[in-house]
Q: 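Okay, here's the structure, questions in a sec.
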Amino acid sequence: MTDARLAALAARLPNLRLLTDPADLEHYGRDWTRRWTPAPLAIALPGDVAEVQDIVRWANEQGVAVVPSGGRTGLSGGAVAAHGELVLSLERMNRVLDFDAVDRTLTVQAGMSLHAVHEAAKEHGLIYPVDFAARGSCSIGGNIATNAGGIRVIRYGNTREWIAGLTVVAGNGKLLQLNRGLIKNSSGYDLRQLMIGSEGTLGIVVEATVRLTDPPPSSQVMLLALPNMDALMEVFALFRSRLTLQAFEFFTDVALRHVLAHGAQRAIDGEHPYYVVTEFDADESSQDAALAAFEYGVDHGWISDGVIAQSEAQAAALWRLREGITESLAPHRPYKNDISLRISALPVFLHEIQTLLGQAYPHFDVVWFGHIGDGNLHINVLRPENLSDSDFIAQCEHVTKLLADTLQRHGGSISAEHGIGLVKRAYLGSTRSEAEIALMRGVKQVFDPKGLLNPGKLFI
Ligand code: FAD
Ligand code: MLT
Ligand code: ZN
């Protein structure tokens with residue numbers, strides 16, 4: 001170990017797993033953005049809470065920055081280590097610690113994958129309802145740090161709603177037990193909620209107590225083809241008024257083209273500019289209600305075609321058309337916007353940005369999809385072959401500035417669910433006031449006095 005700081009760490013924690021191999025530095029130093037060149041000092045893989053505390057104390061003594069790291073499926077550069085930081089990966093801390101049948105809570109270590117949390121809940125006949133396509137590789141700690149959303153927010157809300165307690169190592173190495181699973185706790189500031197969405201800048205989540213709930217009734221999945229953008233919100237209002245929705249997601253024909261090229265199966269023939277995947281509770285009346293809503297939508301010119309899944313396999317195939325989009329675009333390293341509006345503000349806003357993006361990116365492949373039922377749009381821009389990476393990003397940043405201004409006018413957010421990370425730091429001020437950002441910086445100072453936890457993320 002040639003670096004004296006690492007030698008000091010290894011001497012302090014002789015059993016700590018430390019990686020310095022170039023392939024490991026690259027693997028653990030990046031997330032799904034693939035925009036920055038990984039250059040961490042080393043990777044630490046602690047096996048327990050005490051080791052995490054000792055690493056943070058060492059970081060304070062040595063002045064080494066620490067990047068908390070989960071599954072690195074993040075899309076905002078939050079887990080990127082490009083400046084000699086120590087990556088603190090929670091991946092070895094991946095066990096269930098406790099299930100409480102009375103409280104209906106599951107306590108897990110932060111490195112557990114979302115899928116493993118789902119499976120652990122299922123063993124007790126319950127569900128943890130936050131869900132999205134990265135479930136197999138993202139961690140519950142990363143979900144908490146980004147306040148992850150996903151495809152069931154319309155029914156269950158974001159990660160924030162499901163966290164009953166957190167154990168956190170703060171920037172000074174102190175251990176905090178936040179909320180301890182209580183349902184009611186009116187005893188001052190809720191530091192647990194402050195930690196959720198803090199992107200590893202305030203503390204390292206080491207354990208989480210998540211709430212579980214009953215599984216929903218069986219459901220039906222429908223794919224709809226729509227003739228134009230205005231129809232999206234009309235169909236949403238129509239279906240929401242007649243069915244109990246579990247999901248309402250949209251994508252465009254451009255997204256469909258990519259996902260089909262990536263192996264998904266076409267489910268509706270013909271060319272249609274917009275598609276919706278919706279899932280709703282199935283009961284004795286839902287089949288008729290869905291068909292009646294469908295016919296009403298067709299009669300009003302909002303729906304051009306549709307298919308309702310007749311089996312679980314068909315439902316999965318319809319979902320793949322939506323959930324496979326991110327992976328199908330990944331080889332292009334898309335420039336991603338992840339924005340949100342109040343649902344009521346969407347119709348006017350959608351028109352404005354359609355015009356803006358049409359003018360700004362006349363020759364680029366622009367892929368729209370997302371959680372339209374939550375007011376959350378994902379806009380992915382693909383780099384044309386004749387444009388360098390840096391020119392492409394410069395053009396996209398210029399457009400994001402215009403998009404951020406438009407969002408600000410409409411009271412929206414520059415980051416709905418992926419976090420600010422490195423990607424959106426410059427636009428934080430479009431969603432948060434100067435006064436708010438000053439308070440956020442103050443909070444950071446209190447939790448992490450030396451500024452060693454994920455420096456450069458969230459704030460410029
Ligand atoms: P990482 O990428 O490792 O880290 C993300 C941030 O959290 C970083 O700032 C990191 O420092 C911090 N962090 C990680 N672990 C901890 C910890 N224990 N303590 C403190 N800070 C920590 N996101 C959605 O919200 N909705 C979606 O629908 C969605 N779909 C996706 C689909 C695909 C195919 C992919 C690749 C990503 C998707 N994402 C989605 C984004 C991503 O999966 C989420 O942001 C997820 O919550 C990140 O978890 P992670 O463990 O990979 O975190
Ligand atoms: C999604 O909704 O599919 C995710 O947030 C991933 C993405 O935006 O690419
Ligand atoms: Zn999403």
Side-chain angles (χ1 to χ4, degrees), residues 28-34 46 52 56 65-81 85 87-91 93-94 108-114 130-153 158-160 166-171 195-208 247 249-251 255 259 277 319 322-330 334-340 367-372 374 376-380 415-423 453-458:
Y28 286 92
R30 57 159 49 138
D31 66 3
W32 267 57
T33 51
R34 302 283 190 276
V52 175
V56 174
V66 173
V67 176
S69 181
R72 291 173 309 285
T73 63
L75 300 167
S76 296
V80 168
E85 304 93 332
V87 173
L88 194 161
S89 165
L90 279 297
E91 80 178 25
M93 294 175 60
N94 59 7
V108 300
Q109 292 181 310
M112 213 168 154
S113 75
L114 177 60
V130 176
D131 192 19
F132 50 92
R135 59 184 76 79
S137 34
C138 68
S139 69
I140 190 77
N143 298 167
I144 291 163
T146 54
N147 185 27
I151 56 176
R152 308 277 166 197
V153 170
N158 298 291
T159 298
R160 190 178 292 293
L166 290 178
T167 303
V168 171
V169 175
M195 210 54 63
I196 300 169
S198 64
E199 301 188 36
T201 63
L202 299 182
I204 296 161
V205 176
V206 285
E207 293 171 8
E249 300 278 314
F250 93 107
F251 53 93
V259 85
V277 173
W319 263 117
R322 163 65 185 92
E323 289 214 288
I325 296 171
T326 304
E327 224 175 308
S328 75
L329 300 179
Y335 181 95
K336 283 176 177 284
N337 292 121
D338 160 41
I339 61 177
S340 70
V367 189
W368 296 49
F369 59 100
H371 321 281
I372 194 78
D374 316 327
N376 180 185
L377 297 173
H378 296 310
I379 301 163
N380 284 214
S415 175
E417 57 172 10
H418 297 161
I420 297 290
L422 289 171
V423 171
L453 291 184
N454 233 356
K457 313 292 168 55
L458 189 52

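For ligands, and for the atoms within them, numbers begin at 1 and follow the listed sequence. What you see is a predicted model; the values in this text were computed from it and never measured.
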Q: Check each heavy atom of F132 against ligand 2 and say whether those closer than 4.0 Å belong to the side chain, the backbone, both or neither.
A: neither
Q: Look at atom 8 (O) of ligand 2 and say which protein heavy atom is nearest, naming residue and atom and giving the distance to 0.1 Å.
A: H418 CE1, 3.0 Å
Q: Do K457 and E85 meet the salt-bridge criterion of a basic N to acidic O distance under 4.0 Å?
A: no
Q: Looking only at protein heavy atoms, identify the closest one to atom 12 (C) of ligand 1 and say how far it is in Å.
A: A145 CB, 3.6 Å
Q: After noting the C-alpha distance and the side-chain angles of D338 and N376, does the key distance pass the side chain to side chain contact (heavy atoms under 4.5 Å, CB included) rule?
A: CA-CA 7 Å; D338 160 41; N376 180 185; 3.0 Å; yes
Q: Quick one: do S340 and D374 satisfy side chain to side chain contact (heavy atoms under 4.5 Å, CB included)? Show the steps, please.
A: CA-CA 8 Å; S340 70; D374 316 327; over 6 Å; no
Q: So which heavy atom in the protein is nearest atom 10 (C) of ligand 1, and how far is it from that ligand atom?
A: P68 O, 3.1 Å
Q: Can you tell me if A416 contacts ligand 1 (heavy atom of the residue under 4.0 Å from the ligand)?
A: no
Q: Identify which of F132, Y28, W32 has a heavy atom lying nearest to atom 28 (O) of ligand 1.
A: F132
Q: Any idea which part of V205 is under 4.0 Å from ligand 1, heavy-atom wise: side chain, backbone, both or neither?
A: both
Q: Provide, to 0.1 Å, the distance between atom 5 (C) of ligand 1 and the closest protein heavy atom, together with that atom's residue and name.
A: T146 CG2, 3.8 Å
Q: Students should be able to answer this: which protein heavy-atom is nearest to atom 53 (O) of ligand 1, and at what distance?
A: G142 CA, 3.5 Å
Q: On a heavy-atom basis, I'd like to know which of G136, G78, G77, A208 is closest to atom 8 (C) of ligand 1.
A: G78
Q: If we only count N/O pairs under 3.5 Å, is E327 in contact with ligand 1?
A: no
Q: How does D338 reach ligand 2, if at all, at less than 4.0 Å between non-hydrogen atoms: by side chain, backbone, both, or neither?
A: neither
Q: Considering all heavy atoms of both residues, which atom of F132 and which atom of G150 are nearest to each other, and what is their separation?
A: CB-CA, 3.8 Å
Q: Is the closest heavy-atom distance from K336 to ligand 2 below 4.0 Å?
A: yes
Q: At their closest point, which heavy atom of G149 faces which heavy atom of N158, and how far apart are they?
A: CA-OD1, 3.5 Å
Q: How far is atom 50 (P) of ligand 1 from the closest protein heavy atom, and which atom is that?
A: G71 N, 3.4 Å
Q: Tell me whether G70 has any N or O atom under 3.5 angstrom from an N or O of ligand 1.
A: yes
Q: Taking only heavy atoms of G74, which atoms of ligand 1 are found under 4.0 Å from at least one of them?
A: 2 (O), 52 (O)
Q: For atom 4 (O) of ligand 1, what is the closest protein heavy atom, and at what distance to 0.1 Å?
A: A79 CB, 3.7 Å
Q: Considering the heavy atoms of A148, write down every atom of ligand 1 situated less than 4.0 Å from one of them.
A: 25 (O), 47 (O)
Q: Polar-atom distance check: I151 versus ligand 1, any N or O pair below 3.5 Å?
A: no
Q: Between H418 and ligand 1, which residue portion shows a heavy-atom distance shorter than 4.0 Å: side chain, backbone, both, or neither?
A: side chain
Q: Pairs of nitrogen or oxygen atoms closer than 3.5 Å, one from N380 and one from ligand 2: do any exist?
A: no
Q: Kindly confirm or rule out an N or O of T326 lying under 3.5 angstrom from an N or O of ligand 1.
A: no
Q: Of all N, O or S atoms in E417, which has the smallest distance to the Zn ion (ligand 3)?
A: OE2
Q: Counting each atom of ligand 2 from 1 as listed, which ones have a heavy atom of R322 under 4.0 Å away?
A: 1 (C), 2 (O), 3 (O)
Q: Which heavy atom of the protein is the closest neighbour of atom 1 (P) of ligand 1, given with residue, atom name and distance?
A: R72 N, 3.5 Å
Q: Against heavy atoms of E417, which atoms of ligand 2 measure under 4.0 Å?
A: 2 (O), 5 (O)
Q: Numbering the atoms of ligand 2 from 1, which are under 4.0 Å from a heavy atom of T326?
A: 3 (O), 6 (C), 7 (C), 9 (O)
Q: What orientation do H371 and H378 show, parallel under 30°, tilted 30 to 60°, or perpendicular over 60°?
A: perpendicular
Q: Measure the distances from the heavy atoms of H371 to every atom of ligand 1 and state whether one is below 4.0 angstrom.
A: yes
Q: If you have a sec, work out which protein heavy atom is nearest atom 32 (C) of ligand 1 and how many Å separate them, to one decimal?
A: A134 N, 3.8 Å
Q: Of the side chain and backbone of T73, name the one, both, or neither that has a heavy atom under 4.0 Å from an atom of ligand 1.
A: both
Q: Check if G421 has a non-hydrogen atom at a distance under 4.0 Å from any atom of ligand 1.
A: no
Q: Measure N454 to ligand 1 on non-hydrogen atoms and call it side chain, backbone, both or neither using the 4.0 Å cut-off.
A: side chain
Q: Is the contact between N143 and ligand 1 made by the side chain, the backbone, both, or neither, using heavy atoms and a 4.0 Å cut-off?
A: both
Q: Taking just the N, O or S atoms of H371, which one is nearest to the Zn ion (ligand 3)?
A: NE2
